[in-house]
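Shown next, in structure tokens, is the structure this report addresses.
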Amino acid sequence: MKKLKKIALIFLSVLMVIQCAGCGNNEKKTSGIQAENKDTFLTDEYIEFDIFLEKSEDEDGQWKVFKEAARMTNVGLNCTLSRNHSGFASAFNMMIASGDLPDLTWVKDYLLVAKYAKQGAFVALDEYLDECAPNISKYLEENPEIRKRITMDDGHIYYMPTIPGGYARYGYFIRQDWLDKLGLDNPDSPEAFYEVLKAFKTKDPNGNGKADEVPYLGSTESLNGLLTFWGSNPGWYSENGEVKYGPFEPEYKEALKNIRKWYKEGLIDPEIFTRANALDVLFGNNTGGACRGMIGSTAGLNDKFADNIPGFELTPMAPPSGVELTHRNKTNPWGWAITTSCKDVETAVKYFDFWFSEAGNHLINFGVEGEFYDLVDGEAVFKQEAVSQPDFRTKLTSTGAQKSIGYVQDFKYEEQWINQIAKDGFKLYEEGGYIKEIFPPVENTYSEDELEEYQKINGSITTHVSEYYQKTILGSNEDVEKTYDKYIKELKSLGIDRLIELQQIAFDRYNKR
Ligand code: CA
């Protein structure tokens, strides 16, 4: 079968060469893909851009979605990064250092974009947007905050990011069936939450006669959520324009004292810092009670465990503190850029713009029309038989859909395969007003010297903070009252004041954009 396909391909190529020779212009290239509608072409002559992007697993290394885009736009991609590279960042640095730049490149880190843009590696896209990119221009006009996030301090835009769909990210979940069994209300304050966890620990809601319940569990992100119960924050935030670092603020002390108390009382998973797949393991063996987790996947546990655990009902709840500190990125650090070696910048910008058009947006979000989805009244609707397959997402993304190029992710892509509980969870968090805006990505406003200083101090500070955090919560002999002053003193000697000063400079610059 494979052989046949190959022979057919060779035959087709031969045919193309003959055709080309026939048209009397040997220079003229062809995409080899018959276009249905030349109105959508971005260029009369087929052009193929080399791009620093992983090849697909297909025999020819081409993603199906990009082949379809070539059919529509007459612009193709030739991926130059082998699948066996040793980490994207080092491969990317080597590519830049070689001076041999492809036309386009995938990027994964806006600090690197800022760094190499200063050295002249990337085209300033903003200079072409009015002329060549009506869809991107319109989008940025309607979304000034996105424009601000991707504009560098020199006023230029050097990359188009992946712009996530949806807003809410993490949420609290609780075993509603356990609350019902014990006759408890949904806890709406940290104090009420504490009482519920105590009851989970002592009243045997899983009914096996053992005190084996793990009332609160999850990753360290789950644990960090508890900090808000005492008005604390695990990282950077701003208050009335003033930059603050949560672990250096007085509320942190109170929070650690209380989390430590909860931990010692057995309300928090004893292995919270080390347990892999905590939600799967502890909800799966019917011992987990409540957590803070990614809304979509945590809600999905209901489908996974309902058959084996009678009555299993893991339900999203409002944050007991009324505050949720995470949301999806408004722009991701990854996306793509045009290098200054690009052979045809205008066509490349038009191509970037294609992915912001309706056709391009459908293609990158939902794959090739007719394969996984159909257009129903102008809306992309996944075929039921496709969505219901357990490996649906893998199949879809293996075609290149959802590849993290510069595009706007459509939440409808996700909405169609998450369950109703997840939808309710997203709605609860997005409409409840709990989500606090996270600190913006200000690091790309730093000069090279400032960035180096920031990274150096930040490295030792975060190490010290996380060591103290773990030791305080887990330690058998720790007393926050006795260790806290020393902890603060150490933060100062590591340069916390200077770090806050640097972040304030960057934050002020960011706000001036
Ligand atoms: Ca039990």
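Hydrogens, waters and symmetry mates are skipped; everything else that's a heavy atom, side chains included, is used. On a predicted model such as this, the values are computed, not experimentally measured, just so you know.
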* To do: Please identify each residue that fulfils side-chain contact (heavy atoms from CB on, under 4.5 Å) with A89, with sequence neighbours left out.
  => none

* Approximate separation, where rounding is to 0.5 Å, of L502 CG and L451 CG -> 10.0 Å

* Asked: Side chains of N224 and Y469: do they bring a donor and an acceptor to under 3.5 Å?
  -> yes

* Do R513 and T151 meet the criterion of a side-chain donor-acceptor pair at a distance under 3.5 Å? -> no

* Asked: Is E265 paired with K261 through a side-chain N to carboxylate O contact shorter than 4.0 Å?
  -> yes

* To do: Keeping to residues at least two apart or across chains, list the salt bridge (Lys or Arg N to Asp or Glu O under 4.0 Å) pairs with something in residues 402-420.
  => R328-E414, E379-K412

* Flag, side chain of K350 to backbone of C132, donor-acceptor distance under 3.5 Å -> no

* Asked: When you look at I259 and W230, which way does the side-chain contact (heavy atoms from CB on, under 4.5 Å) test go after all the steps?
  -> CA-CA 10 Å; I259 294 172; W230 295 276; 3.8 Å; yes

* **Partner of Y446 by side chain to side chain donor-acceptor pair (under 3.5 Å), out of E452, Q503, Q455, E453** => Q503

* To do: Can you tell me which residue pairs pass the side-chain hydrogen bond (donor to acceptor under 3.5 Å, both in side chains) test with a partner in residues 236-247, sequence neighbours excluded?
  => E239-K244

* **Within the 6.0 Å centroid threshold, strictly below: Y252 and Y484** => no

* Name all residues meeting the side-chain contact (heavy atoms from CB on, under 4.5 Å) criterion together with E467; count only those two or more places apart in sequence or in a different chain, and write none if there are none. => T463

* With a 4.0 Å cut-off, would you call R498 and E501 a salt bridge? -> yes

* Structure fact -> Sequence neighbours excluded, the answer for ring pair (Phe, Tyr, Trp, His ring centres under 6.0 Å) partners of F283 is none

* Hey, what do you get for SG (C291) to OH (Y216), rounding to the nearest 0.5 Å? -> 7.0 Å

* Structure fact -> Residues at least two apart in sequence or cross-chain that pass side-chain hydrogen bond (donor to acceptor under 3.5 Å, both in side chains) with D126, listed by chain then number, are H156

* To do: Please round to the nearest 0.5 Å and tell me the distance separating atom OH of Y407 and atom CH2 of W336.
  => 11.0 Å

* Asked: If you round to the nearest 0.5 Å, how far is CG of L314 from CZ of R175?
  -> 7.5 Å

* Which atom names give the shortest non-hydrogen contact between F173 and G293, and what distance separates them? -> CE1-O, 4.4 Å

* Asked: So, does E324 use its side chain to make a donor-acceptor pair with the main chain of G225 at under 3.5 Å?
  -> no

* Determine which pairs satisfy side-chain hydrogen bond (donor to acceptor under 3.5 Å, both in side chains) with at least one residue from residues 110-123, sequence neighbours left out, and list them in order. => N93-Y116, Y110-E443

* Examine W355 together with F66 and report whether their ring centres are nearer than 6.0 Å. => yes

* Asked: Can you list every pair that meets salt bridge (Lys or Arg N to Asp or Glu O under 4.0 Å) and has a residue in residues 93-105, with sequence neighbours left out?
  -> D103-K343

* Structure fact -> Rounding to 0.5 Å, atoms CG (L129) and CZ (F352) come to a distance of 11.0 Å

* To do: For this output row, return yes or no: ring centroids of W63 and W106 closer than 6.0 angstrom.
  => no

* **Verdict with reasoning, K471 to Y487, per side-chain contact (heavy atoms from CB on, under 4.5 Å)** => CA-CA 12 Å; K471 210 170 86 182; Y487 158 75; over 6 Å; no

* Donor-acceptor under 3.5 Å (N511 side chain, F507 main chain) -> yes

* To do: Please check if the side chain of D344 supplies one atom and the backbone of T347 the other of a donor-acceptor pair under 3.5 Å.
  => yes

* **Partner set under side-chain hydrogen bond (donor to acceptor under 3.5 Å, both in side chains) for Y263, not counting sequence neighbours** => none

* Can you find a side-chain donor-acceptor pair between Y468 and T483 that sits under 3.5 Å? -> yes

* **Cationic N near anionic O, under 4.0 Å, R147 to E141** => no

* Residue pairs, two or more places apart or on separate chains, that pass side-chain hydrogen bond (donor to acceptor under 3.5 Å, both in side chains) and touch residues 421-436 -> Q420-D424

* Measure from the side-chain N and O atoms of Q504 to the backbone N and O of V243, and report whether any donor-acceptor pair falls under 3.5 Å. => yes

* CZ-OG distance between F273 and S466, expressed to the nearest 0.5 angstrom -> 8.5 Å

* To do: List in chain and number order the residues that pass side-chain contact (heavy atoms from CB on, under 4.5 Å) with I272, two or more places apart in sequence or in another chain; answer none if no residue qualifies.
  => L223, I268, D269

* **Aromatic plane relationship, F122 with F92 - under 30° parallel, 30 to 60° tilted, over 60° perpendicular** => parallel

* **Steps toward side-chain contact (heavy atoms from CB on, under 4.5 Å) verdict (Y128, V123)** => CA-CA 9 Å; Y128 294 84; V123 168; 3.6 Å; yes

* **Partners passing side-chain contact (heavy atoms from CB on, under 4.5 Å) against M294 (at least two apart in sequence or in another chain)** => R169, Y170, S297

* **Proximity of F426 and F411 rings by center, below 6.0 Å** => yes

* Asked: Quick check: are there more than 12 heavy atoms from other residues, nucleotides or ligands sitting under 6.0 Å from CD of E437?
  -> yes

* **Whether T80 side chain and I51 backbone form a donor-acceptor pair below 3.5 Å** => yes

